[in-house]
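The figures that follow rest on heavy atoms only: side chains count, while hydrogens, waters and symmetry mates do not. Counting starts at 1 for both ligands and their atoms, in listed order.
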Amino acid sequence: MLYLSTRGHPDRKKFCEILLEGLAPDGGLYLPESYPQVDAATLEKWRGLPYHELAFEILSLYIDDIPADDLRAICRKTYTEQVFGTQEIVPLRPLEDGVFLEGLSNGPTLAFKDMAMQLLGNLFEYELARRGAELNILGATSGDTGSAAEYAMKGKKGVRVFMTSPHGRMSPFQQAQMFSLQDANIHNLAIEGVFDDCQDIVKAVSNDLDFKRKYRIGTVNSINWARLVAQVVYYFAGYFQAGARKVSFTVPSGNFGNICAGHVARSMGLPIEQLVLATNENDVLDEFFRTGVYRVRAAADTHETSSPSMDISKASNFERFVFDLLGRDGARVKSLFGEQLTRTGRFDLGDDPAFRTARERYGFVSGKSTHADRLATIRDTHQRFGVTIDTHTADGLKVAREHLSPGTPMIVLETALPIKFAATIVEALGHEPERPARFEGIEQLPKRVTVLPADAAQVKQFIAAHCA
Ligand SMILES: *Cc1c(COP(=O)(O)O)cnc(C)c1O
């Protein structure tokens with residue numbers, strides 16, 4: 001299997017080459033040259049496999065530069081009951097008739113990002129050892145991504161993590177999750193500023209090519225193909241557990257990484273009727289699927305909401321879907337995302353026949369949820385089913401209910417556990433959500449964090465001093 005760039009660059013690469021890279025050299029995102037097809041007989045064969053074996057079967061269609069036995073061992077070591085809490089790894093729970101929650105957030109940091117990041121940690125360790133190389137991961141986080149990355153990379157040989165976050169702006173639970181890690185290869189940098197300042201610092205450091213090369217700076221953001229392909233697995237696992245001929249999925253969405261994996265699963269032949277994209281007040285993607293207009297928002301027009309992991313101004317993975325939608329025309333994607341978006345901040349596919357048939361060909365529909373919807377959905381789900389859901393999952397469930405079709409089970413992806421967003425749960429229900437026993441008292445643990453001003457030069461100094 002070879003990988004190409006969504007912007008038409010002529011190079012083709014193997015999986016392990018793109019594993020440690022971010023963007024393609026032309027600024028595009030990597031995708032496989034084609035999607036391997038899975039027929040009905042193969043689906044039957046896979047039904048009932050333990051999650052780690054299913055993961056191996058799917059990943060091995062995309063990865064041919066890691067020996068099969070090694071890849072199998074990596075999958076087995078990653079997806080264990082010990083790390084993800086249940087034997088199913090992604091257990092399906094029924095709510096009302098025909099609606100299910102698929103639990104993707106029982107990993108170490110209680111959000112779905114663990115599903116992919118835990119695999120990435122093991123793949124990085126494997127590939128770096130094979131090359132005799134090292135990698136220093138530099139990132140910016142407002143919560144979920146940073147903690148998932150740290151819990152995936154802690155104690156891994158050949159990897160260090162330098163994670164910037166806005167000082168004092170994450171929830172106490174999220175701060176405790178990250179800052180209580182005592183592993184020598186994990187460095188928390190609390191930046192005196194907002195999330196955008198952290199992102200600017202990461203950009204400034206990455207743009208210093210000499211520094212980047214000398215200190216082998218890399219990233220783990222959601223455009224990494226390995227993260228995306230790991231997520232494809234739970235669409236298959238959800239389908240098998242529902243036990244129907246065809247299913248639909250609703251996905252609480254921000255950067256389009258999670259639902260893009262659903263698009264890949266559907267393109268491989270998994271019988272998915274609809275892929276329902278749910279946004280919060282930051283409705284860039286809902287606007288696109290309703291109108292064909294993709295309009296990135298300015299920082300000032302990006303709302304701070306009670307489902308903060310979906311507070312995005314643009315969707316970094318969206319280019320992958322547009323590439324497929326436009327018949328894999330790299331030159332056109334390059335002009336849309338390269339020139340046009342930079343110049344005007346928007347493009348409009350509303351009159352394009354490709355867009356007008358997107359719903360039929362790709363199954364995409366969308367909807368939006370607000371703070372009031374979130375509270376009402378959390379309250380209603382608690383009252384009727386005795387189930388407490390988190391704010392992002394509530395956005396999903398609200399929109400899912402607008403797209404039910406009789407006879408087709410609707411699987412809503414649960415992207416976090418409610419304890420991560422306790423303040424809104426208290427607002428909705430009047431009491432704290434349940435806290436898994438292993439998180440009792442984490443706010444009181446000793447913290448390992450360095451506070452720095454919003455200054456790229458000082459972050460560089462810190463990295464240089466800790467890369468001995
Ligand atoms: C990251 C995240 C999302 C959004 O996922 P994307 O892949 O960016 O679309 C939704 N919910 C939670 C809890 C998250 O952490």
Side-chain angles (χ1 to χ4, degrees), residues 29 101-118 120 139-152 165 170-171 173-174 177-178 195 220-232 234-235 249-265 275-286 288-289 302 305-321 364 366-369 374 377-378 389-400 412-422 424-425 433:
L29 279 65
L101 282 180
E102 184 174 356
L104 305 183
S105 36
N106 303 308
T109 74
L110 308 182
F112 89 96
K113 293 189 173 67
D114 290 328
M115 294 301 307
M117 209 70 93
Q118 287 288 318
L120 199 67
T141 190
S142 53
D144 289 345
T145 306
S147 56
E150 291 188 352
Y151 279 76
S165 60
M170 288 190 298
S171 77
F173 186 86
Q174 285 178 317
Q177 265 190 323
M178 287 178 59
F195 176 59
V220 288
N221 52 28
S222 75
I223 57 144
N224 185 301
W225 168 256
R227 276 183 65 181
L228 207 139
V229 75
Q231 293 169 178
V232 171
Y234 54 69
Y235 284 88
F249 285 94
T250 300
V251 188
S253 292
N255 275 317
F256 204 79
N258 197 351
I259 201 164
C260 193
H263 162 66
V264 171
L275 283 167
V276 184
L277 181 145
T279 73
N280 64 15
E281 289 87 338
N282 297 292
D283 57 354
V284 192
L285 290 168
D286 179 42
F288 174 79
F289 283 103
T302 307
T305 75
S306 46
S307 45
S309 299
M310 290 152 63
D311 291 351
I312 51 116
S313 52
K314 60 180 194 316
S316 53
N317 265 291
F318 183 54
E319 183 170 332
R320 287 193 161 109
F321 173 68
F364 270 94
S366 71
K368 160 182 179 174
S369 162
R374 218 164 284 141
T377 308
I378 291 168
I389 53 173
D390 108 285
T391 52
H392 308 76
T393 309
D395 289 333
L397 186 55
K398 185 266 179 183
V399 174
V412 179
L413 299 186
E414 179 183 55
T415 55
L417 289 197
I419 186 67
K420 292 199 93 167
F421 305 96
T424 308
I425 303 300

Practice task
Would you check whether N258 has a nitrogen or oxygen atom less than 3.5 angstrom from a nitrogen or oxygen atom of ligand 1?
Solution key: yes

| message | Centre-to-centre under 6.0 Å for Y234 and F249, is that the case here? | response | no

Heavy-atom nearest pair, A148 first then K113, reads CB-CB, 3.8 Å

the protein heavy atom lying closest to atom 12 (C) of ligand 1 turns out to be T415 OG1, 3.5 Å

_Determine whether the aromatic ring centres of residues F173 and F421 are separated by less than 6.0 angstrom._
no

For a 4.5 angstrom cut-off between non-hydrogen side-chain atoms, does Q174 reach D144?
yes

Correct closest heavy-atom pair for T393 and P252 would be CA-CG, 4.3 Å

If we ignore angles and hydrogens, is there a donor and acceptor under 3.5 Å between the side chains of D286 and T279? no

Quick note on ligand 1: atoms under 4.0 Å from a heavy atom of M310 include exactly 10 (C)

Quick look: K420 vs ligand 1, heavy-atom contacts under 4.0 Å, and the answer is neither

Near F112 (heavy-atom distance under 4.0 Å), the atoms of ligand 1 are 1 (C), 2 (C), 3 (C), 5 (O), 7 (O), 14 (C)

Within 4.0 Å of some non-hydrogen atom of A416, the atoms of ligand 1 are 13 (C)

Within 4.0 Å of some non-hydrogen atom of N255, the atoms of ligand 1 are 6 (P), 8 (O), 9 (O)

Note: ligand 1 atoms sitting under 4.0 Å from heavy atoms of D144 are 12 (C), 13 (C), 14 (C), 15 (O)

Logged contact type for F256 with ligand 1, heavy-atom cut-off 4.0 Å, is backbone

Return a yes/no value for G257: is any of its N or O atoms, backbone included, closer than 3.5 angstrom to an N or O of ligand 1? yes

Problem - Min side-chain heavy-atom separation K420-Q177 under 4.5 Å - result: yes

Heavy-atom proximity to atom 10 (C) of ligand 1, picking from P252, G254, S147, points to P252

Nearest heavy-atom contact between S316 and L29 is O-CD2, 3.5 Å

Hey, does K113 come in under 3.5 Å of ligand 1, counting only N/O atoms on both sides?
yes

